[in-house]
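Accompanying notes for the structure given below.
Treat the numbers as computed from the prediction; the structure is a model and nothing was measured. The chains referred to below are lettered A, B, ... by the order of the sequence lines, with proteins before strands, and numbering in each begins at 1.
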Amino acid sequence: MSVPEESHLVQERRQKVERLRTRGIEPYPWSFPDRVPTSSVVERCRPLTPGATASGPDARVAGRLHTIRQHGKSAFLDLEDQSGALQLFLRVDEVGEPAYSEWLSDLDPGDLVGAEGSPMVTRRGEPSLLVRQLTLLAKAIAPPPEKFHGLKDAELRLRRRYLDLLSTPETRARFRARSLFVREIRHFFDEHDFLEVETPILGGVASGAAAQPFVTHSGYLDEDLQLRISLELPLKRLLVGGMERVYELGRIFRNEDLDVTHLPEFSMLEAYWAYTDYTDMRRLMEAMYLRLARRIAELLPGVPAAAEAPALFQPPFAVVDFVEALEEKSGLHGILDRSREQLRDLARAAGTTIPDASPTGKFLDKLFEHYVESTLTRPTFVVDHPVATTPLAKRHRSKPNRVERFELYCRGIELANAYSELNDPDDQVRRFGDQLAAKGTEFYAMDRDFIEALQYGMPPASGVGFGIDRAFMALTGIPTIKETVLFPPVRSRP
RNA sequence: GGGCCCAUAGCUCAGCCCGGUAGAGCAGGCGGCUCUUAACCGCAAGAUCAGGGGUUCGAAUCCCCUUGGGCCCGCCA
């Protein structure tokens with residue numbers, strides 16, 4: 001990968017910039033007022049017959065030049081803006097010399113230009129703008145990727161996402177869809193009277209999940225700080241404080257390896273709902289995912305997985321018991337009565353290499369992941385996990401050694417993790433303690449300030465969390481998480 | 001962390017197996033063309049074959065190392 005700085009292509013474009021300046025033309029002007037989207041010009045062209053020109057006022061459009069087709073004394077230029085594309089039709093009859101020749105000799109694909117003229121339809125039926133005035137809005141010194149094949153190089157696509165965006169309509173559509181998908185999630189919680197809040201990213205000991213944190217240092221406090229690995233514990237403090245429905249949608253950080261479903265920073269939503277339990281939350285998640293599925297089908301109608309989503313996410317979703325599902329798929333029995341060592345050996349037999357010192361629940365999670373997870377292709381609630389897997393959930397009201405928890409899976413991806421939230425401060429201390437007893441490297445860290453908060457009384461509540469990126473993957477069928485974020489992590493330039 | 005694969009012009013790709021002067025298309029330059037849309041026709045130009053080392057009379061091609069990327073496995077969602 002070489003920087004195009006020295007190539008003759010760049011030098012030729014720099015010379016064009018100089019030529020423009022000597023003619024008194026500013027290659028980087030300040031604005032282009034009164035422009036309309038190209039889509040509105042295409043709309044004005046719709047009633048016109050081939051060869052006809054619209055009556056009414058001239059239109060002003062602006063965008064990036066994609067291709068230039070010259071035919072001697074006329075030329076066609078494809079202009080792209082966020083709304084779509086429009087062909088500019090340039091004729092020497094219309095604009096005169098020397099403007100015609102000067103414009104064409106100074107412009108290159110990739111330049112940002114503004115154009116003013118009449119909407120028209122060519123004899124071949126292409127909606128166009130018959131140009132009267134053309135204005136350079138920003139000269140592109142570096143040449144854009146190839147016009148037909150676009151940018152294919154995987155490394156360049158990730159390192160220079162702007163090139164991927166400007167050359168690949170599918171990429172633009174995908175990230176527009178992601179943005180509106182996140183907006184839809186916010187709308188859903190807002191409409192259900194949840195308050196969006198922001199809690200600290202930097203803190204003392206990261207807790208609320210089991211993962212390696214990123215560590216940094218505060219010069220002011222002269223203390224090591226950790227970046228959050230979960231949103232859970234601050235939000236529950238807000239339940240104690242009387243906020244009855246809260247959610248946070250934010251970035252969390254886990255210092256682990258990355259692969260097609262893991263990024264070191266990713267977007268997570270957690271919501272907490274006072275005076276409800278995990279059954280209420282199940283209904284809420286069914287409603288949310290049906291709505292998101294419908295939205296994603298509108299946004300990406302050409303993507304098969306998105307188009308199929310509304311039918312797939314019809315409530316009620318299937319429900320399976322964690323223990324029954326695991327025992328059925330694995331052929332094992334008496335899972336709840338096995339010792340930690342027995343479960344570790346079973347997990348080893350299933351091929352996992354998590355450390356021996358991991359908490360008991362990790363082995364159960366691994367066994368479930370190995371035997372059951374990939375079989376869950378339709379939306380399915382897995383419910384009532386063994387206590388050991390889940391230190392922040394309330395014990396099940398009737399099933400011994402279980403918690404009131406569900407995970408929602410679809411297309412092999414986890415789409416929600418929810419509990420009836422544990423609000424007994426003494427049980428919470430014991431459950432953190434069980435985690436610490438394993439003395440492993442990954443566990444739910446004890447958060448004494450949180451225990452103290454629980455002692456003042458947290459209302460019974462349900463809570464849910466899910467990864468935004470993975471939810472987007474599951475609804476759209478995008479296979480790699482890097483393609484769901486605009487700027488995925490890359491190594492520094494060699 | 002382990003294994004496999006990839007890196008050639010600004011971009012998209014041939015050439016590599018079987019070593020013998022580095023090719024095409026697009027983009028760019030010059031010339032032609034007033035309805036094209038991957039426009040077309042002609043001419044000329046454009047390369048540290050990712051970087052380094054080795055084998056060889058001779059390496060883009062074979063071998064080793066490094067860097068970056070992709071895929072699979074292991075671990076965190």
| said: Mind checking if A/F89 touches a base, just sugar-phosphate, or nothing, with heavy atoms under 4.0 Å? | reply: base
Sorted by chain and number, sequence neighbours left out, salt bridge (Lys or Arg N to Asp or Glu O under 4.0 Å) with A/R282 holds for none
Tell me what A/T480 touches on the nucleic acid: a base, only sugar-phosphate, or nothing, going by heavy atoms under 4.0 Å.
sugar-phosphate
Across all chains, not counting sequence neighbours, the side chain to side chain contact (heavy atoms under 4.5 Å, CB included) partners of A/R172 are A/E80, A/L165, A/P169
- Query: Do the side-chain N and O atoms of A/S462 and A/S420 include a donor-acceptor pair separated by under 3.5 angstrom?
  - Reply: no
Applying side chain to side chain contact (heavy atoms under 4.5 Å, CB included) to A/D345 and not counting sequence neighbours gives none
Applying side chain to side chain contact (heavy atoms under 4.5 Å, CB included) to A/R91 and not counting sequence neighbours gives A/S74, A/F89, A/D93, A/E94, A/L130
Q: Quick one: label A/L158 by what it contacts on the DNA or RNA (base, sugar-phosphate, nothing), any heavy atom closer than 4.0 Å.
A: sugar-phosphate
Per the under-4.0 Å heavy-atom filter, residues of residues 110-118 of chain A near RNA chain B come out as none
- Item | salt_bridge(A/E116, A/R60) N-O dist < 4.0 Å | yes
Handout entry: Touch class at under 4.0 angstrom, heavy-atom based, for A/D469 against every strand present
Key = nothing
| request: Pick the P atom in B/C26 and in B/A22, then give their distance to the nearest Å. | output: 24 Å
Legend entry - Ion pair A/D384/A/R402, N-O distance below 4.0 Å: no
Please determine whether any donor N or O and acceptor N or O are separated by less than 3.5 Å between the side chain of A/D153 and the base of B/G69. no
Please write out the pairs of protein N or O atoms and N or O atoms of nucleotides 40-45 of chain B separated by less than 3.5 Å, giving the distance to one decimal.
none

Q.
At less than 4.0 Å, is any side-chain N or O atom of A/K73 found next to OP1 or OP2 of B/G32? Yes or no.
A. no
Discussion item. Whether A/E483 and A/R157 form a salt bridge (side-chain N of Lys/Arg under 4.0 Å from carboxylate O of Asp/Glu) is what I want to check.
Written reply: yes
